[in-house]
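The block underneath contains the structure these notes are about, expressed in structure tokens.
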Amino acid sequence: MDASSDTGCDAVGHDLLAWYDAHARVLPWRSPPHTPAPEPYRVWLSEVMLQQTTVAAVKDYFAKFIARWPTVDALAAAADEEVMAAWAGLGYYARARNLLACARAVAARGGRFPDTEEELRALPGLGAYTAAAVAAIAFGRRAVVVDANVERVVARLFAIEEALPGARGTIREKADGITPEARSGDFAQAMMDLGATVCTSRAPRCLLCPLSAHCAARAMGAPERFPVKAPKKAKPARKGQAFWIERGDAVWLVRRPGKGMLGGMRALPDDGWSARADGSGEGPLAGPWESAGKVTHTFTHFGLDLHLSVYLGADWTRLPPGGGEWWPLDRLDEAGLPTLFAKAASLALAGTGD
DNA sequence: CATACGTGGCC
DNA sequence: TGGCCAAGTAT
């Protein structure tokens, strides 16, 4: 037997589940090992929030959503702008739009989530990972659950030299080979816990790892070399402007278009900056504008220097074109501004002494 | 298959 | 401090 066949698939599952029984993280959306599964609604909501997002960042949002919308039917009945505002700050806002679309699709079929991976995959916002995770965790189905943690653990277990993202197919096959028939939901969560707490990206704690005896990367003495990754593209640096138009007790807010950057979110008016180009420098009104400083913000695929121009004592007979609303300054935290514009608002309020 | 899409934490 | 990273999906 070679080093990989003696991992004998079953041995990995057995060792990992034994470790999980003793070391499973306690999380608000999770049931402990050997207890009934959480409600599918909670599993689904947490999995969507956790897409590309850390556990620490999700916790408060999960609690807020569950308190405000305890069931999928309640969420389905919510107003779009309420949900978008509640999601503000969590990022990847297409998730919030798909969350509502999915909740309404589930409500339309009686408030019950489908219980197969294939049907779950057809719902808005559920890709290969989330459909597999919900099928396994909420419904006990055997499913191959592959997220970034699993990719890292598997790439190390089998010392996969092929670089991501090309190695996805190979990694999935290997993950399939070690996924047990029984307890596949626990297995998936165990892999993710292992990746998050032991088989970490930097400085993996191999001495604490229940799979170290099976690990090819460990045997090579080079666990941190895996997974191999393709080099990243440089982020362009963009410049743009945002405009703070104040009427004494209120500021002019717009709603961004439903798709694209920060789609569907409330925002300050801007000069049309994007990932592809700088803004025009043109404001929505003639002014008079006063400079209030600059906000720097880094998005996934570009960096932005956002210059803020302020117009105090605006005349309400001269509303900017294109629609918007006067938003009370004392309720600005309820507007649901994405972080970039929340930073700009703080800058404006600091500068105006409000 | 490549790209667009947020944010905060870590070293 | 700037780059890397995190329970990915849609197109």
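Just so it is clear: chains get the letters A, B, ... in the order the sequence lines come, proteins before strands, and each one is counted from 1. These numbers were taken from a predicted model, which means no experiment stands behind them.
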Q: Assign a letter to each nucleotide of nucleotides 6-11 of chain B from its 5' end: B, base within under 4.0 Å of a protein heavy atom; S, sugar-phosphate only; -, no contact.
A: BBS---

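Within a 6.0 Å radius of NZ in A/K343, other residues, nucleotides and ligands contribute more than 12 heavy atoms. Within a 6.0 Å sphere centred on CZ of A/R276, other residues, nucleotides and ligands contribute 12 heavy atoms or fewer. Other residues, nucleotides and ligands place more than 12 heavy atoms under 6.0 Å from the CZ atom of A/R25.
Evaluation of the side chain to side chain contact (heavy atoms under 4.5 Å, CB included) rule for A/P257 yields no partner, not counting sequence neighbours. Checked against side chain to side chain contact (heavy atoms under 4.5 Å, CB included), A/A132 has the following partners two or more places apart in sequence or in another chain: A/E117, A/A143, A/V145.
When the P atom of B/dA2 is taken as reference, atom NZ of A/K229 falls 16 Å away, rounded to whole Å. Straight-line distance from the CG atom of A/L120 to the P atom of C/dG8: 17 Å, rounded to whole Å. Atom CG in A/L45 sits about 16 Å away from atom P in C/dG8, given to the nearest Å. Separating the CZ atom of A/R121 from the C1' atom of C/dG8 is a distance of 10 Å, rounded to the nearest angstrom. When the P atom of B/dC5 is taken as reference, atom CG of A/L304 falls 13 Å away, rounded to whole Å. In this structure, A/F302 places its CZ atom 10 Å from P of B/dA4, rounding to the nearest Å. Rounded to whole Å, the distance from CG on A/L164 to P on C/dA6 is 10 Å. In this structure, A/L123 places its CG atom 19 Å from P of C/dG8, rounding to the nearest Å.
A/A56 comes within contact range of no nucleotide atom at all, as no heavy-atom separation falls under 4.0 Å. Contacts of A/I137 with the nucleic acid, taken as non-hydrogen atoms under 4.0 Å apart, are absent. Counting any heavy atom pair closer than 4.0 Å across all strands shown, A/R25 reaches a base atom. Within 4.0 Å (heavy atoms only), A/W44 reaches no atom of the nucleic acid at all.
At B/dC5, one or more side-chain N or O atoms of A/H301 fall inside 4.0 Å of OP1 or OP2 (strictly under the cut-off). Between B/dT3 and A/K233, a contact under 4.0 Å exists linking OP1 or OP2 to a side-chain N or O. Dashed line: the shortest gap from a side-chain N or O of A/R152 to OP1 or OP2 of C/dA6 is under 4.0 Å. The phosphate of B/dA4 has neither OP1 nor OP2 within less than 4.0 Å of any side-chain N or O from A/K259.
Look at the P atom in both C/dT11 and B/dG6: the space between them is 14 Å, to the nearest Å.
Salt-bridge formation is not detected for the pair A/R152/A/D147: no Lys NZ or Arg NE/NH1/NH2 atom is positioned less than 4.0 Å from an Asp or Glu carboxylate oxygen. A salt bridge does not link A/E118 with A/R121: every distance from a Lys NZ or Arg NE/NH1/NH2 to an Asp or Glu carboxylate oxygen is 4.0 Å or more.
Nearer the 5' end of DNA chain C, as judged by each residue's closest nucleotide, is the contact made by A/S46, out of A/N98 and A/S46.
Both cation-pi conditions hold for A/R247 and A/W326: the charged atom is under 6.0 angstrom from the six-membered ring centre and inside a 45 degree cone around its axis.
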